[in-house]
Each structure stands twice: as structure tokens, then as C-alpha cells.
Amino acid sequence: MDDDRSFRHRRLAAVNLSILLANCKNMRHLRQIHAQVITSTTVTTNTFLLTRILLFLTTSDKGSLPYATALFRTIQNPNRFMYNTMIRAHSTANSDHHFSDRGGSLAFYKKMMSTSSVRPDHITFPFLLKYCCSIRNLISSESVHAHVLKFGVGVDLFVQNGMISMYSSFGSIQSALKVFTGMPEKDIVSWNSILIGSLRCGDLDLALGLFDEMKQDNNRNIVSWNSIMTGLVQAGRPKDALIFFHEMFDSDGGGVLPDKITISVVICACAALGALDHGRWMHNYMKRRNELEIDTVLGTALVDMYGKCGCVERASNVFDDIPNKDVLAWTAMISAFAVNGHGEEAFALFSEMEKHGIRPNQVTFGALLNACAHSGLLIKGRQSFRTMKDVYGIVPNLQHYACMVDLLSRAGLFEEALELIRTMPIKPDVYVFGALLGGCRMHGNAELGEELAEYLINLDPRNHVFYVILSDIYAKGNKFSNVKRIREFMSENGINKTSPGCSMIEINGIIHEFSVNGYDGSEVSSNEIGFMSNLILDQLRCVKPSGADNDQVTGI
DNA sequence: ATAGGGTTAG
């Protein structure tokens, strides 16, 4: 009788709480609900209801992880479900709470192990392993593997899948394969995990082989396609990514339809190729499919693509319609202005971003400095470099220094560039010195140029770039015997461009590659491309360089 | 319960 009443009470309270939580509007509201639970229920029901609140706090977008963590600390004897909830909540990477809650999921796991009553189960480990993917700590992760075996869940499919991801996130594709091949039953997630793992570890051949095998077993889904395309783009093979996209699209990929992620990957490939027609087709395609709304991520990818294809106007139009613009969206648009020589607009947009209360990051300042380099904005460049450090406390990285050195040495300010290099707190790399060397070539600074080139050639004797720049510097100073000496040295030692510089052109939606030596040989005649490229070269020769940044034109 | 997407760079 009593039990029955208690049960009904519990049911009733749970239903009421569900309704309350479903209508919960903000944290203030949640605190009220929490207080109500604490004051109006018995200890037994309390545990049950607190669990519901924890779950709400960690899974709803109206929840709050710090509040959940604080609430969790007040619970005397959390049960396994509560521990699992917290471990799950702290398992995702890229979140800020990694810093506030030192230890993340592992801290909660350790706390659970310190009790004698609660043990992990097959739900605990997939989340814990996911967390291990982000901490890049092999020792901890191997301990987790040991615990997986200790608690007898090493045969669980989800746990095994998690271990594949964990090992490949460290680059241990061998260990990942060992788990994979040892699995008695594999599902689509197992296959996708090992596919993604091989891509992360840079083993493209393995990935392509796996992808092939998956086809035979009719074991490919949208995640498989998206993953292989992402891998190809990141491996610098965007053209192959597009080929895969067409294979998927034309054959219906075995009943697979492109989703938001497919679109963003393909747009990324288009951006890398400068394939404007393809990119615009994708843009139209997503408009046709009304379930593919342009969210922040897709909008950012589009802005980037249009920017890299030289369509600042289109980029700007897409940008205006992006909902909830975050740093990445703003940075993509600033960058679109930057690479197209619209330095002033880039800075205007930066100010607007600050007004919107969006905090710039390292990448934003990289884009700004890049804008300065592309538009010769010396003063603004120096200013941004200072603002980055003093106002935002962002530590400049090698790329920022390379950008500044580029800007200064293009302006002929070699002393200032050298001073910056001398006072750098990090070791300057090839790109920093390379930027300086580029300035030397532009201004015919032979003394510094020779010294630098010699240094860089010693660092990387097989790289042709520095020989060529050095010979350019000699040629500019009419030291043709030195030019001849370098050319002879290069041919005697077989120092050539490893792969000929290659450009791409999009004709009727097909990407064609061509270079001075040859052409990839598709339907369009190589002669037509050769004819056009000569025409363009002739026109370029008629253009007088108008500013310091135009030296490439005279170099042709 | 586990797998996939966007920003800088010389």
C-alpha cells in the first residue's frame, strides 16, 4: 500500500517535472524548479528527480554545464546514471569547459572509481573514449583501454568503435586496425570509424581501399561519403573530392542523398579549386532543397568560397543573411575582403564585429594582417599587431610574424623587419625568413638577400625556391656570372621543381588542370587553353606595375 | 550510447 503510494507519487512528480522542464525558459526559471524539487520531495524521489534535472541541464540548449557540475557536487551518493550523464556532458571536445573543469570526463570517471559502490558500464566507455580522443594523452587512454577489459565490456560493439576512434586520434592506426580486425561483428560505425581513422593518420591508400571494400558490402552511408570527401580535401586533393561527389550524386550513392555536411565539404573543395561554377551550382542546389537551410556553418563556407573565387559581392550578400554570426563567419568575410585587396572594407567590418560584441581570435588577426599585406596598409598593420597583443591578449604565432615581416620588407623597412625577427619570442621558421627574402628580391637588397638565401639553402638544399630567388636578386644587380653559376649548380645537382606549377580552369563545369609543360588531357583542346593563356600573358605584359605589390607582374 | 561540416598563413 505504502509502496504503491510512493510509486504513484514518484510517477506524478516525474510527469510534473517533465512538463516544467519542457517549458523551462532560462536559468532563473530552472533554479526555481530545482528549489521546488529539493523542498517538496522525499529523499527517494529526490534522487530520481535530480537525475532528470541533470539530464536536462546537460542535454538541452537551455541548460547549463556549470550549473550541472555544481548540482552534481551537492549530490551525496551519485548513481551510475548520474556519473554517465556527467561523463557524457564533458566528453565533447572544442568546448570551453575543458578549461574550467580540469580533467573533463576523466575527472568524473576517477571520482566514480574512488567510490566502492558505483562501477562503469558499457554506456560509460563510449563517452570516456570520446573524451580521450580530444586530450591527446596516450597514457590515460591506454589506462582506459585497460579498464574496458577489466570491467568486461571489451566485447561491446559501441566500446570497440570508440577505441578505434581513440587510437586513430593519436595517429596509432596500427592499434586502431588491431581493434577493428579483432571485432567479431562490425557495423557501419565501425567501418566509418576506421575509414576516418585512416584519413586522420594520413593513410589515403588505406582509406580508399576501405571505402572500396565498403561498397562491396553495400556498407556505405552518407557519413562514409562525407568522410572520404573531407579527407581528400584536407589531403590537398579537392578535385578528387568533387569526383567522389559526382559518383555519389549520379549513382544516388546507393540511395544516399547529400545533406548539409556534404554540401559544406563540397563547397570547401570548390573554394580550394576556385571552382566558381561548381560552387554556385551547390548554392542553388541547397536553395532548391528547402530542408537545407543556410545555417552559420554553411553560410561561412559559402562566404569563404565566393571570397576565394573573387566574388566579394556575392560573399557579402551571403554573409548578410547568416543567422547568429560567430567569429568564424565574421573572419571569413574579413578574409574575403582581404584576399581581394579590399583592405579598408576588411577593417570596417572588423570594427562592426567588435561593435557586435564578437571577440576576434588568432585567425581573425591573421586575416587582418593578410589584408594589410595585400593592400600595403603599413600603419594599420603595425596597429593591428599591437591591438592583437595589448587589447586582446592574443599571442602572435609564426604566421602573424611572417605576415608582419612580409609587410615590412615589402615596404623596404628591413631594419624594422630584422628587429621584429630578433625580438620574436618563438624561433622564426622558413616562412618568416622567406618573407624577408621576398622583400630583398623586390628591392634588390643584395647583401641581406645573399646572406638569407645562403642560410635558407643550407636549411633545405633540395628546395629550388631559394636558388631561384637568389638568382633573381643577382640578375637585378646585373651579376650575370653569378646567375649562370647558380643555374649550373642547380642542373648539375638535379635541383628542379619537384612538381611543375599547375593551374586549373573551369570550363562548362569541368575542372581542367594545365601547366607550362602539359595538360591533363580532357575534351577541351590543350591548344585552346594555351591560346588563351598566351593572350592573357600578352595583356599582362602591357600592364605597368602600379605599386610595390605588383612585382609579380613584371616577373612573368 | 559510438562515426562526418565552416575562418588565417608566408
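Order of the sequence lines sets the chain letters (A, B, ...), proteins ahead of strands, with each chain counted from 1.
Among residues at least two apart or in separate chains, salt bridge (charged side-chain N to carboxylate O under 4.0 Å, His left out) pairs with a member in residues 256-273 of chain A are A:Lys260-A:Asp295. Identified under the ring pair (Phe, Tyr, Trp, His ring centres under 6.0 Å) test for residues 171-204 of chain A, with sequence neighbours left out: A:Phe180-A:Trp191. Annotation: salt bridge (charged side-chain N to carboxylate O under 4.0 Å, His left out) contacts involving residues 178-198 of chain A, sequence neighbours excluded, are absent. Listed by first and then second residue, the salt bridge (charged side-chain N to carboxylate O under 4.0 Å, His left out) pairs that reach into residues 304-333 of chain A are A:Asp304-A:Lys308, sequence neighbours excluded.
Using a 4.0 Å heavy-atom criterion, one finds that A:Asp429 contacts no nucleic acid atom at all. Counting any heavy atom pair closer than 4.0 Å across all strands shown, A:Ile222 reaches a base atom. Contact annotation for A:Ile263: no contact, since no heavy-atom pair falls under 4.0 Å across all strands. Within 4.0 Å (heavy atoms only), A:His122 reaches at least one base atom of the nucleic acid. A:Lys325 comes within 4.0 angstrom of nothing in the nucleic acid, heavy atoms only. Counting any heavy atom pair closer than 4.0 Å across all strands shown, A:Tyr401 reaches no nucleic acid atom. Using a 4.0 Å heavy-atom criterion, one finds that A:Asn84 contacts no nucleic acid atom at all. Among the atoms of the strands shown, none is found under 4.0 Å from any heavy atom of A:Thr124. When heavy atoms are screened at a 4.0 angstrom cut-off, A:Asn397 is found touching no nucleic acid atom at all. Residue A:Ala338 is classed as having no contact, given no heavy-atom separation below 4.0 Å to the nucleic acid.
Ring geometry, A:Tyr285 versus A:Trp281: the interplanar angle falls under 30°, so the pair is classed parallel (tilted spans 30 to 60°).
The span of DNA chain B lying next to chain A, judged by atoms under 4.0 Å from heavy atoms, is bounded 5' to 3' by B:dA1 to B:dG10.
For A:Tyr83, the side-chain hydrogen bond (donor to acceptor under 3.5 Å, both in side chains) test picks out no residue, with sequence neighbours left out.
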